[in-house]
Novice: 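I have a structure I would like to understand better, so I am pasting it below and will then ask my questions one at a time.
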Amino acid sequence: MEYVTGSEGNKGVINVVGDLDTEQAGEALRKAFNKLYDQGQRTIVLDLSEVQIINSYGIGKVLMCYKRLKAESGVLMVKPLEGFVKETFELLMLDKLLPVDDS
Amino acid sequence: MIEREEFTLLLASKCDALRSAVGQWCDAAGWRFAQSTDRSSDILSVLRSESFHIVVVDGSDELRGARETLRFVEEQGALERVIVIVGGKGGDQTSRNLFCKGASDVLPSATDAPSLAEALNRQREIVERATLLNHLYRSIATETTEFILTSRELGSDLLPLDIVKKLKRCQLIDRPTYSRIAVAFQEALTNSHLHGNLELESSWKEEFNQEGVDKFSLIKSSRLADTTYSDRRIRVKIHYDSRKLEILIRDEGKGFSQHSPQELSDGQKEPLLLAGRGLSLMRWGMDEVSFNETGNEVLLVKHFE
């Protein structure tokens, strides 16, 4: 499983496809993040618009990305959220942590 | 005997040729044929007033109507099969995105009659078979499934939650409810497996080695290879009757202090960065979450009206 990475201006972007609810999905996110991080990206945007379900596996990896960037004064952002993922983020107050990139 | 249901199709298009072709298909199939324009406001207005078995959205001019239709169907947890005609726009990436959003079929052209008929026939077969199954699932009085397996056998797999899928399929629960139950179950199972049987600490997720791999993942791998931990069993019992769903999960770990688990409280102002999210997700998805005295057995209950 692999997620496509890219860049938009000075931001790295990770396009997550499918559910973020298994170890494999979490590992794929970690690898995609590391790829951008190792390239020197310190503003990274997660596109979760095609994610139907997220649980602790996925959230844990998202928070890992958040903490690693924060430690270097970087920023983890998300594309506008919707549906179940949006509800989950709001329940766990992650929407307060991760700014939305609606560019 | 199961009463024959009237099957209905909605076509959202301004194209006369397409309307004629789909109308003829419906006549031949004995389906009721409804129409709207391809504007998203018109489509949603019709969908809000009635349900259809198949929706064909003509996206030849623009795909906004198709995207809004897919979003509506997904949010409602509805069972409509949605065929999208992209009219040559966007290529493979567009088609892939539409499938990810829930499209049942994506056709490149509105004027390719054999492809359209093939797609309609394919979706019709799926709908008619699903309708029969839905009648059967609505009749389920009780269902109990029990799994007993070791943590090594479980590994990274998720156990199937078939009864809940059946309830969603026959619309006894909507999609958001299904998602919350599924997540609650996954959280409880993961807790039993990782924190119960394998005795992994959440704080280890914060410690990284030079390769950027966390201590939690490293120790997890070693404990899965150590039969002292990996041969411990997990028992999962899933019981449904028409009034409630009960999920019982028991591990062979030492248990945990349920009296001081971190989880979101009413006055919580900051997100939980370390641990406790799993319990919050369990309580969000289920009506009752309770533990035994030792803390190695959890009971999740969802009530149905």
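Lettering of chains follows the sequences in order, A, B, ..., and the numbering in each one begins at 1. Everything quoted here is computed from the prediction, not taken from an experiment.
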Novice: By number, which residues in residues 71-87 of chain A have some heavy atom less than 4.5 Å away from chain B?
Specialist: A/Glu82, A/Phe84, A/Glu87
Novice: When rounded to the nearest 0.5 angstrom, what is the spacing between CE in B/Met282 and CG in A/Asn55?
Specialist: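 Separation between the atoms: 11.0 Å.
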Novice: For A/Lys31, which atoms come within 4.5 Å of any heavy atom of chain B: side chain, backbone, both, or neither?
Specialist: neither
Novice: A side-chain contact here means heavy atoms from C-beta on lying under 4.5 Å apart; do A/Ser49 and B/Lys101 qualify?
Specialist: yes
Novice: Please classify the contact of B/Arg180 with chain A as side chain, backbone, both or neither, using a heavy-atom distance under 4.5 Å.
Specialist: both
Novice: Is it true that, when you exclude A/Gln39 itself, more than 12 heavy atoms of the residues, nucleotides or ligands shown sit nearer than 6.0 Å to its CD?
Specialist: yes
Novice: Would one find more than 12 heavy atoms of other residues, nucleotides or ligands at under 6.0 Å from atom CZ of B/Arg152?
Specialist: yes
Novice: Do B/Leu281 and A/Ser56 have side chains that get closer than 4.5 Å, going by heavy atoms?
Specialist: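 Contact flag for B/Leu281/A/Ser56 side chains = yes.
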Novice: Which atoms form the tightest heavy-atom contact between A/Leu91 and B/Ser280, and what is the distance?
Specialist: CD2-O, 4.2 Å
Novice: Show the nearest heavy-atom pair for residues A/Glu50 and B/Cys100, with the distance to one decimal.
Specialist: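 The pair with the smallest heavy-atom distance is OE1-SG, 3.5 Å.
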Novice: Quick one: list whatever passes side-chain hydrogen bond (donor to acceptor under 3.5 Å, both in side chains) with B/Ser40, sequence neighbours left out.
Specialist: none
Novice: Under the side chain to side chain contact (heavy atoms under 4.5 Å, CB included) test against B/Ser179, which residue among A/Ile53, A/Thr88, A/Asp19 passes?
Specialist: A/Ile53
